[in-house]
2 protein chains.
Amino acid sequence: MSLEHSTDHDHVHLGNVFSATCPCRDLLDVVASKWSALAIGALLGGRMRFGELQRHLDGISPKVLTSTLRKLEDYGIVDREVFAEVPLRVEYTLTPLGHEAGVPLEALRVWAESQLEHAQRTEAARALV
Amino acid sequence: MSLEHSTDHDHVHLGNVFSATCPCRDLLDVVASKWSALAIGALLGGRMRFGELQRHLDGISPKVLTSTLRKLEDYGIVDREVFAEVPLRVEYTLTPLGHEAGVPLEALRVWAESQLEHAQRTEAARALV
DNA sequence: ATAGTTACTTTCCTTAGGAAAGCAAGAATA
DNA sequence: TATTCTTGCTTTCCTAAGGAAAGTAACTAT
């Protein structure tokens, strides 16, 4: 209840996403996207290879998957491991930061899935226009 | 623990965001974006006029704000009210659905803001390349 | 007649998203 | 030896979305 004593569990608010120049705005931008949310969601289940991710994220092109994973890697959300085998094996995992981001993203995913009926209704509404 | 008896509190999983053709994929796409997250976050504080939102969402152009709000309106996440005054007044509010979406989005925002240090580190790392 | 207010729209340009095809590096097969 | 197969990409091309700047409509106040 008190703001006076903070513990290790408290996340200190250093930034403001509403400010255009705050670095945390970029972080939000990277994470708040359809493909990032799905990639992180998939990786919550454990490490995955490029091809596995591509099959899991139905409809993604290899180009977009690459750029999505690279951006997440740049921001320390996923980790990329290359195994010099033949055929080549590349595995992606979530970093601790990625796991943290995964919690609200998972909740968003669950929410979206639970709203199917509503989505169908609005789709029908738009079809009438 | 059991999946046998569901109550009114249970959200039924009707969809799968990982499937490209599932309507809930579109819903996720609309909501999982920088500007949508910020607009919904701002509106969690109560109704707002167009100009207020524009000032609150630092860096957004009126064109992008309009298209963001229109999309959210189409999906039943925000409500738009026009008051025939002079000068014109238009107010935006969250629908119940919007409030639901706001919960995980707020958590994502808080997470992004708490990770400022990390964002600065990665920014510094990229600057070295 | 001019300026001010609000909520946009329009134009133009750049960036991101998406489909399709190509590529590199070996291993296995014919 | 040549072809095929696998994986993890990259490249090219095109369209859609994002962003900056200026313009517009409608009415009030000066």
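Numbers restart at 1 for each chain; the letters A, B, ... are given by sequence-line order, proteins then strands.
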*Can you tell me the distance, in whole Å, between the CZ atom of A/R25 and the P atom of D/dG19?*
9 Å
*Could you tell me the separation between the CZ atom of B/R89 and the P atom of D/dC27, rounded to a whole number of Å?*
17 Å
*Want to settle it: does A/K63 or A/D29 sit nearer the 5' end of DNA chain D, counting the closest nucleotide to each?*
A/K63
_I want to check one thing: is the phosphate of D/dA17, taken as OP1 and OP2, less than 4.0 Å away from some side-chain N or O of B/W35?_
no
*asked:* Within the 4.5 Å heavy-atom criterion, are B/P62 and B/F50 side-chain neighbours or not?
replied: yes
*From CZ (B/R109) to CD (B/E106), nearest 0.5 Å*: 4.0 Å
*Taking CD from B/E81 and P from C/dA7, how many angstroms apart are they, rounded to a whole number?*
13 Å
*Out of A/V103, A/L105, A/L108, which residue meets the side-chain contact (heavy atoms from CB on, under 4.5 Å) rule with B/P104?*
A/L108
*Between C1' of C/dA7 and CD of B/Q54, the distance in whole Å*: 9 Å
*When you measure from the side chain of A/K71, which nucleotide among D/dG18, C/dG17, D/dA20 comes out closest?*
C/dG17
_Nucleotide D/dT28, atom P - distance to CG of B/L88 in whole Å_ = 13 Å
*Kindly indicate whether the side chain of B/L69, heavy atoms from C-beta on, has any atom under 4.5 Å from the side chain of B/L53.*
yes
*asked:* Distance check needed: C/dA16 C1' versus B/K34 NZ, whole Å only.
replied: 12 Å
_Using a 3.5 Å distance criterion without hydrogens, assess whether the side chain of B/E113 forms a donor-acceptor pair with backbone atoms of A/V17._
yes
_Upstream residue (5' side of DNA chain C) when A/P87 and A/S33 are each assigned their closest nucleotide_ = A/S33
*Determine the contact category for A/V64: base if any of its heavy atoms lies under 4.0 Å from a base atom, sugar-phosphate if only primed atoms, P, OP1 or OP2 are that close, otherwise nothing.*
base
*Which whole-number value in Å describes the distance from B/R70 CZ to D/dG18 P?*
15 Å
*NA contact type, B/Y92, heavy-atom cut-off 4.0 Å: base, sugar-phosphate, or nothing?*
sugar-phosphate
*Could you please name the option among D/dC9, C/dG26, C/dC8 that lies closest to any side-chain atom of A/F50?*
D/dC9
*Kindly say if A/R55 contacts the phosphate of D/dG8, meaning a side-chain N or O under 4.0 Å from OP1 or OP2.*
no
*asked:* Whole angstroms only, please: what is the CD-C1' distance between A/E85 and C/dA24?
replied: 17 Å
*asked:* Can you see if the side chain of A/R49 gets near the phosphate of D/dG8 - specifically, an N or O under 4.0 Å from OP1 or OP2?
replied: yes
